[in-house]
Number of protein chains: 2
Amino acid sequence: MAEGRRPRAATEEKRKRILDATEEIMLKDGYAAVSSRSVAAAVGIGAPLVHYYFPTIDELFVAVLRRRAGRNVERMAEALMSAEPLRAWWEQASDPRGTAMFVELLAAANHRPALKAEVGGIARDVRRMQLDALGELLGEYGIDPEQLPPPLVAAAIQGLAFSVVQDQAAGYDTAADEAIAAMDRLVGRLEARRQLRSDRGARGA
Amino acid sequence: MAEGRRPRAATEEKRKRILDATEEIMLKDGYAAVSSRSVAAAVGIGAPLVHYYFPTIDELFVAVLRRRAGRNVERMAEALMSAEPLRAWWEQASDPRGTAMFVELLAAANHRPALKAEVGGIARDVRRMQLDALGELLGEYGIDPEQLPPPLVAAAIQGLAFSVVQDQAAGYDTAADEAIAAMDRLVGRLEARRQLRSDRGARGA
DNA sequence: GAAAAGGTTGAACGGGCGTTCTAAATAGAT
DNA sequence: ATCTATTTAGAACGCCCGTTCAACCTTTTC
């Protein structure tokens with residue numbers, strides 16, 4: 001069973017550079033601009049070498065997604081358990097770079113079945129995590145789960161982030177700045193309210 | 001000055017068929033699958049003829065956008081002046097076909113400057129319309145514009161629609177159905193509240 | 001019915017794509 | 001120092017792309 005004999009030293013670092021270059025291209029020119037040749041040129045290697053590390057372009061996309069998602073899932077888990085879960089969530093969701101990447105991957109997934117399956121799994125896991133957390137948190141924020149149930153709140157935060165980040169990145173004049181400022185204030189008020197309730201609870205008990 | 005001599009009869013209908021086919025391809029296989037040859041094949045003509053009607057692919061995308069946007073701007077204006085503006089807005093925003101098309105055009109615009117400029121102009125006009133309307137409406141719905149100002153509400157509705165429609169269309173298991181159901185109920189409650197206030201106002205005055 | 005404009009086609013251009021094949025260089029193990 | 005698996009490059013395959021060009025058909029106009 002001990003078959004893998006010798007992996008070389010520079011190889012892992014080359015995988016990383018290929019993935020980095022792929023992300024760069026996706027952000028600058030869109031997922032459609034990703035090709036074995038464009039990636040190879042960015043890294044400074046030949047096109048076939050890209051296929052040596054990632055046999056098909058699909059696998060390259062999947063690898064990019066897995067690396068990103070791995071970090072993001074961790075960070076989302078930390079955010080949801082932090083002292084100010086909503087603020088941490090919103091900060092992560094409204095990160096321009098991460099959101100832009102996710103939008104590209106989402107778009108690419110729409111006509112790449114292998115990637116689509118991977119995205120679907122991650123989306124489900126992340127959402128489940130968020131829904132579980134919101135089940136506890138909504139009450140603490142003083143939000144009525146009957147009126148604003150977890151699935152709606154989670155989708156709204158995600159969607160709002162998509163919308164404002166996209167408009168801001170593209171430079172569309174849709175008052176995205178004001179929306180972000182208002183959301184920051186709203187998050188601040190909700191965190192303050194939660195803090196207040198927790199203080200009262202601690203003293204009352 | 002009277003130079004244009006003879007436009008033919010079938011020509012306008014052919015433009016329409018080309019635009020229809022382009023939309024179809026965008027929805028099924030993504031904007032990247034749109035090419036003079038794929039569109040031509042769908043219509044049953046030769047590729048050069050597509051270029052006869054739309055000299056470049058950019059112009060084809062812009063034409064698709066203009067036709068869609070024209071209809072949608074009209075419908076949004078009507079929605080905002082209807083008896084239940086919020087419900088009409090939400091219904092339009094959560095239309096799967098329209099949203100999917102808009103997402104594709106948005107993605108395509110990210111690396112097609114001509115298209116990007118066009119999208120930007122339309123986005124600005126629509127958003128301005130919505131912000132104007134919300135300036136009046138928020139109060140009627142009993143929403144405090146200090147806490148939820150028009151730019152935030154508009155971006156949230158747009159983003160929420162993107163999010164749930166995308167997840168539902170792709171089949172991602174993110175509780176999108178529950179989010180939609182909750183949003184429908186929320187819209188219903190808000191419309192009822194507005195109706196109540198308007199009744200009281202009418203009697204009171 | 002002839003002239004002219006509008007509409008349509010087939011072939012071709014240069015270029016990028018994913019991928020594969022072959023063969024060379026290289027680095028680690030002995 | 002040699003062996004061997006790993007890593008790399010070059011060339012080539014067939015395919016699709018946007019676009020152009022010259023030629024043809026068809027409709028309108030007179």
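Lettering of chains follows the sequences in order, A, B, ..., and the numbering in each one begins at 1.
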Can you find an N or O donor on one side and an acceptor on the other, under 3.5 Å apart, linking the side chain of A:Arg8 with the base of C:dT26? yes

Would you kindly give the CD-to-C1' distance between B:Glu59 and D:dG18, to the nearest whole Å? 13 Å

Under a 4.0 Å threshold between the charged nitrogen and the carboxylate oxygen, would B:Arg67 count as salt-bridged to B:Glu23? yes

Atom CD of B:Glu12 and atom C1' of C:dG7 are separated, to the nearest Å, by 14 Å

B:Leu148 and B:Leu138 have their tightest heavy-atom pair at O-CD1, 3.3 Å

Electrostatic pair B:Lys116-B:Asp58, nearest N-O below 4.0 angstrom: no

Expressed in angstrom and rounded to an integer, what is the separation of A:Arg15 atom CZ from D:dT8 atom P? 13 Å

Are A:Arg194 and A:Glu84 close enough for a salt bridge, meaning some N to O gap below 4.0 Å? no

When you compare the side chain of A:Gln168 with that of A:Asp177, does any pair of heavy atoms fall below 4.5 Å? yes

Rounded off to whole Å, could you give me the NE2-to-C1' distance for the A:His111 and D:dC16 pair? 15 Å

Please round to 10 degrees the angle between the axis of the first five pairs and the axis of the last five pairs in the helix from C:dG1-D:dC30 to C:dT30-D:dA1. 10°

In 5'-to-3' order, the base (B), backbone-only (S) or no-contact (-) status of each nucleotide in nucleotides 9-18 of chain C, using a 4.0 angstrom heavy-atom cut-off, is BBBB----BB

Under 4.0 Å, counting only non-hydrogen atoms across every strand here, what does A:Phe54 touch: a base, just sugar-phosphate, or nothing? nothing

Which whole-number value in Å describes the distance from B:Tyr53 OH to D:dT20 C1'? 18 Å

Shortest non-hydrogen contact from B:Leu160 to A:Ala156? CD1-N, 3.5 Å

Examine B:Tyr31 together with A:His111 and report whether their ring centres are nearer than 6.0 Å. no

Take atom CD1 of A:Ile18 and atom P of D:dT7, then tell me their distance rounded to the nearest Å. 11 Å

Residues, nucleotides or ligands: over 12 heavy atoms within 6.0 Å of B:Glu59 CD: yes

B:Leu105 side chain reached by B:Met26 side chain, heavy atoms, under 4.5 Å: yes

